[in-house]
Amino acid sequence: MDFSEILCDDIDCYKTMMFLYKSALKEIVTKIDILNDEFQHVHQYNPIEHVKSRMKTPDSIVKKLKREGHESTIDNMVKYINDIAGVRITCSFTSDIYRIAEILSKQNDIKVIAVKDYIKNPKESGYKSYHLVATVPIFMSDKVVDTKVEIQIRTIAMDFWASLEHKIYYKFEGNAPDRISRELKECAQMVSVLDAKMLSLNEAIKQCENKQ
């Protein structure tokens, strides 16, 4: 892509910022991988099913800035966009979501700057997920830069629904017919019921194991 739209500032500045975001993404993914290994080798239960990371493309950055009414500058990119570097953690149960969020938040070098709990307060569309925006220190040769990463934590069922919603709304460019939006919301309610039943079933299994 031609960077000219976002480079009202300087190409070197943009490249430096993207280097920082990529480095922050590596830091967070490494922390999650270590947690994953610990749960597998130390504990009897691993709440992490899948981990996926991604960097926002320049085109997506420009579009989001324009959509939110901001000029395409480096300063605005850093100030207003929290998900340039993003990690998605998929869990089995809703209880795992809060457990992982708490563990990550307690790490000394992670600073939580924003939380959006779309599980307790779903979006109008029915979307449910737990979003955590945090900074991690990136140690460069001459300075330390706290850099933002968005961490999304959701169940397998939530992730399945969100993936389908994204594909449908992308196809309709964000303007899906009312009938499709309504049915998607009904599916989101089914996902919530499924998650609740699976959590209840897991608790029942634990009780049976404790009695043995």
**OP:** Start with the C-alpha distance between V87 and K52, add both sets of side-chain angles, then the distance that settles side-chain contact (heavy atoms from CB on, under 4.5 Å), and finish with yes or no.
**Re:** CA-CA 6 Å; V87 180; K52 185 177 181 180; over 6 Å; no
Are the side chain of [X] and the backbone of [Y] linked by a donor-acceptor contact shorter than 3.5 Å?
X	Y	value
S105	A101	yes
D109	V136	no
D83	G86	no

What ring-ring contact (aromatic ring centres under 6.0 Å, His included) pairs are there with at least one residue in [range], not counting sequence neighbours?
range	answer
residues 68-91	H70-Y80
residues 144-167	none
residues 82-116	Y98-Y130

Distance check, rounded to the nearest 0.5 Å: [X] atom [atom1] versus [Y] atom [atom2]?
X	Y	atom1	atom2	value
I103	I110	CD1	CD1	11.0 Å
E165	C187	CD	SG	11.0 Å
I28	S53	CD1	OG	11.0 Å
C13	I74	SG	CD1	5.0 Å
N46	N36	CG	CG	4.5 Å
S60	R67	OG	CZ	8.5 Å

Is the shortest heavy-atom distance from the side chain of [X] to the side chain of [Y] under 4.5 Å?
X	Y	result
D96	I153	no
V78	M17	yes
I84	K148	no
I89	C91	yes
K128	R154	no
I61	I81	yes
M55	L25	yes
P47	I100	yes

Original post:
How is the hydrophobic cluster of I113 composed, in terms of its other members, when Ile, Leu, Val, Met, Phe, Trp and Tyr link through side-chain heavy atoms under 4.5 Å apart, directly or indirectly?
Top reply: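 Reading the cluster by chain and number, I113 sits alongside V133.
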**OP:** Could you identify which residues cluster with M190, counting Ile, Leu, Val, Met, Phe, Trp and Tyr as linked when any side-chain heavy atoms lie under 4.5 Å apart, either directly or through a chain of such contacts?
**Re:**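 Once heavy-atom contacts under 4.5 Å are chained together, M190 still belongs with nothing else.
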Original post:
Which is it for K66 and S72 under the side-chain hydrogen bond (donor to acceptor under 3.5 Å, both in side chains) test, yes or no, and what are the steps along the way?
Top reply: CA-CA 7 Å; K66 287 184 175 180; S72 299; 5.5 Å; no
**OP:** Quick one: which residue pairs count as a side-chain hydrogen bond (donor to acceptor under 3.5 Å, both in side chains) with a foot in residues 193-203, not counting sequence neighbours?
**Re:**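 Matches after skipping sequence neighbours: T155-D195.
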Subject >> For R179, all residues meeting salt bridge (charged side-chain N to carboxylate O under 4.0 Å, His left out), sequence neighbours excluded >> reply: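 Testing R179 for salt bridge (charged side-chain N to carboxylate O under 4.0 Å, His left out), a comparison that skips the adjacent residues, returns E183.
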**OP:** For K185, check salt bridge (charged side-chain N to carboxylate O under 4.0 Å, His left out) against everything at least two apart and list the hits.
**Re:**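 With sequence neighbours excluded, K185 shows a salt bridge (charged side-chain N to carboxylate O under 4.0 Å, His left out) to E124, given in chain and number order.
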Subject >> Ionic contact status for R182 with D178, cut-off 4.0 Å >> reply: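 So D178 does not pair with R182 through a salt bridge.
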Original post:
For I138 and S23, which heavy atoms make the closest approach, and how far apart are they?
Top reply: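 Taking I138 first and S23 second, the nearest heavy atoms are CD1-C, 3.7 Å.
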Original post:
Which atom names give the shortest non-hydrogen contact between A188 and G126, and what distance separates them?
Top reply: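 Minimum heavy-atom contact is CB-O, 3.4 Å.
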Got more than 12 heavy atoms from elsewhere within 6.0 Å of [atom1], [X]?
X	atom1	result
K56	NZ	yes
K111	NZ	no
K31	NZ	yes
K64	NZ	yes
D142	CG	yes

Do [X] and [Y] belong to the same hydrophobic cluster, where Ile, Leu, Val, Met, Phe, Trp and Tyr are linked whenever their side-chain heavy atoms lie under 4.5 Å apart, directly or via other members?
X	Y	result
V112	Y21	yes
I48	M198	no
L104	V115	yes
V193	I156	no

**OP:** Check ring-ring contact (aromatic ring centres under 6.0 Å, His included) between F39 and all other residues, then give those that pass, not counting sequence neighbours.
**Re:**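 Checked F39 against ring-ring contact (aromatic ring centres under 6.0 Å, His included); matches are H43.
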Original post:
Under the ring-ring contact (aromatic ring centres under 6.0 Å, His included) test, which residues partner Y127, sequence neighbours left out?
Top reply: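 Scan of Y127 (ring-ring contact (aromatic ring centres under 6.0 Å, His included), adjacent residues dropped) gives Y118, H131.
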Original post:
Does a donor on one side chain and an acceptor on the other come within less than 3.5 Å for S92 and E49?
Top reply: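 A donor-acceptor contact under 3.5 Å links the two side chains.
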Original post:
With a 3.5 Å cut-off and no angle check, do the side chains of Q40 and E38 form a donor-acceptor pair?
Top reply: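 Looking only at side-chain atoms, E38 and Q40 do not form any donor-acceptor pair under 3.5 Å.
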**OP:** Kindly write out the residues that satisfy side chain to side chain donor-acceptor pair (under 3.5 Å) with K106, not counting sequence neighbours, or none if the list is empty.
**Re:**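 Scan of K106 (side chain to side chain donor-acceptor pair (under 3.5 Å), adjacent residues dropped) gives E102.
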**OP:** Please name all residues satisfying side chain to side chain contact (heavy atoms under 4.5 Å, CB included) with H50, sequence neighbours left out, ordered by chain then number.
**Re:**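 Residues passing side chain to side chain contact (heavy atoms under 4.5 Å, CB included) with H50: T90.
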